[in-house]
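First up is the structure itself, then whatever we jot down about it.
For ligands, and for the atoms within them, numbers begin at 1 and follow the listed sequence.
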Amino acid sequence: VKNLTDKPCELCNSQGGAILWQGPLCRVVLAEAGDYPGYCRVILSEHVKEMTDLAPPERIRIMNTVFAAEAALRELARPDKVNLASLGNLVAHLHWHVIPRWREDRHLPGTLWSAPARDGQAPRAPDPAQLAARLKALLA
Ligand SMILES: [Zn+2]
C-alpha cells in the first residue's frame with residue numbers, strides 16, 4: 001500500500017515500534033523518541049485512512065485503546081500534559097500519537113512537530129514493562 005507521498009506504507013511493513021499491547025483491531029507501540037520517553041502510538045492493524053472509514057464500534061474501540069494509553073502514561077510517568085494527535089499526512093495509515101509532555105520539554109508550548117523551544121528533557125521515563133502490564137490490565 002502506498003501513502004500520500006507515494007512511498008510504501010511503513011506501518012503495513014513494520015510494527016512501528018516496540019509492541020506494548022496487541023489486539024485484533026490495533027496495537028500500542030512505544031515510539032523511539034529520545035526526548036519523549038513513554039511516547040506511544042496506537043496503530044490500526046489494517047491500512048485504513050480515516051476514523052470515519054471504521055464502523056462505529058471500531059471507532060470506539062480504537063479510542064478506548066488511546067484512552068488506556070493516556071491513563072497508563074498518566075499513572076506511570078505523571079506528565080504535566082498528554083497530547084493526543086492523529087495526523088497521518090506522511091503515513092496515511094490510521095494511528096494515534098499519545099505523547100507525554102512536560103513544562104521543561106523540548107517543544108512546549110509547541111507541538112512535537114514544532115521548532116524546538118529549548119534543549120529540553122523529559123524527566124520521568126516510564127518503565128516499558130510496567131506500561132505494557134498496565135495496558136494489559138486496562139484493556140482486559
Ligand atoms: Zn499501511
Side-chain angles (χ1 to χ4, degrees):
V1 180
K2 292 197 171 177
N3 273 305
L4 301 189
T5 54
D6 276 339
K7 289 186 179 148
C9 179
E10 63 186 74
L11 296 182
C12 285
N13 295 326
S14 78
Q15 295 179 335
I19 301 268
L20 293 172
W21 181 87
Q22 173 109 50
L25 181 72
C26 60
R27 61 189 180 270
V28 183
V29 306
L30 198 55
E32 280 143 29
D35 291 321
Y36 293 93
Y39 175 175
C40 294
R41 291 192 187 97
V42 178
I43 302 168
L44 204 78
S45 304
E46 301 288 316
H47 189 93
V48 164
K49 192 158 72 172
E50 310 289 2
M51 284 294 290
T52 47
D53 291 331
L54 299 175
E58 294 174 320
R59 299 175 197 171
I60 290 167
R61 273 164 55 212
I62 192 167
M63 290 320 298
N64 282 341
T65 308
V66 170
F67 301 148
E70 177 186 299
L73 278 174
R74 290 185 72 188
E75 285 175 36
L76 296 170
R78 291 173 288 111
D80 297 315
K81 184 72 186 77
V82 177
N83 288 171
L84 302 180
S86 179
L87 306 169
N89 299 332
L90 278 174
V91 180
H93 176 138
L94 190 56
H95 62 285
W96 281 85
H97 303 271
V98 184
I99 311 164
R101 303 298 308 272
W102 286 270
R103 283 184 184 86
E104 62 272 32
D105 76 31
R106 232 166 109 67
H107 298 88
L108 209 82
T111 73
L112 237 67
W113 301 280
S114 311
R118 68 187 69 79
D119 290 330
Q121 207 161 30
R124 289 177 292 273
D127 174 52
Q130 281 190 335
L131 205 48
R134 202 64 200 108
L135 281 168
K136 189 177 172 188
L138 288 166
L139 293 166

Exercise. Asn64: what forms a side-chain contact (heavy atoms from CB on, under 4.5 Å) with it, not counting sequence neighbours?
Worked result: Ile60, Phe67
Problem set entry | For Thr52, side-chain contact (heavy atoms from CB on, under 4.5 Å) partners two or more places apart | Glu50, Arg59
Exercise. Would Asp105 and Arg101 pass as an ion pair if we require N to O under 4.0 Å?
Worked result: yes
Seminar exercise, completed: Excluding water, the protein N, O or S atoms sitting under 2.8 Å from the Zn ion (ligand 1) are Cys9 SG, Cys12 SG, His47 ND1, His93 ND1
Exercise. Under the criterion side-chain contact (heavy atoms from CB on, under 4.5 Å), which of Leu135, Ile99, Leu131 is the partner of Leu73?
Worked result: Leu131
Seminar exercise, completed: By ring pair (Phe, Tyr, Trp, His ring centres under 6.0 Å), His107 pairs with (sequence neighbours left out) Tyr36
For this session: Please work out which of the three classes, parallel, tilted or perpendicular, describes the rings of His97 and Tyr39, given edges at 30° and 60°.
Result: tilted
